[in-house]
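A short worksheet on the structure shown next.
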Amino acid sequence: MWTAIPPDFGGQQFSVPAAVRHFCELDRGKKQDARNYIAQAPDEVDTPVRRALRDAGLLAGADPRPIDVETVWED
């Protein structure tokens, strides 16, 4: 789900550079999860943060497969 939930950077003011720094500081597993999440977002979700991460080459290695909704919503 892609929403307009406000960012939480530990009280820091949101900015694209702050978001990129946050991404770079994630541990390896969380960084990969973030890459995949961003890659799987619909193309219409074209945000400044997504473009900055892509342009910096930080999304390389993402798994762009679409999310399997049946798996996600299993009870």
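For the numbers below, each heavy atom of this structure counts, side chains included, while hydrogens, waters and symmetry mates do not. Keep in mind that this is a model prediction, so the values were computed, not measured.
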Can you measure from [atom1] ([X]) to [atom2] ([Y]) and round to the nearest 0.5 angstrom?
{"X": "Asp27", "Y": "Asp33", "atom1": "CG", "atom2": "CG", "result": "8.5 Å"}
{"X": "Ser15", "Y": "Arg21", "atom1": "OG", "atom2": "CZ", "result": "5.5 Å"}
{"X": "Lys30", "Y": "Phe23", "atom1": "NZ", "atom2": "CZ", "result": "13.5 Å"}

Treating [X] as the side-chain partner and [Y] as the backbone partner, does any N or O pair qualify as donor plus acceptor under 3.5 Å?
{"X": "Gln32", "Y": "Gly61", "result": "yes"}
{"X": "Arg54", "Y": "Leu59", "result": "no"}
{"X": "Lys31", "Y": "Cys24", "result": "yes"}
{"X": "Arg50", "Y": "Ala41", "result": "yes"}

Passes side chain to side chain contact (heavy atoms under 4.5 Å, CB included), Val45 versus Asp43? Steps please.
-> CA-CA 5 Å; Val45 182; Asp43 291 339; over 6 Å; no
Non-neighbouring partners of Ala52 that pass side-chain contact (heavy atoms from CB on, under 4.5 Å), sequence neighbours left out = Val16, Val20
Partners passing side-chain contact (heavy atoms from CB on, under 4.5 Å) against Asp63 (at least two apart in sequence or in another chain) = Asn36, Arg65
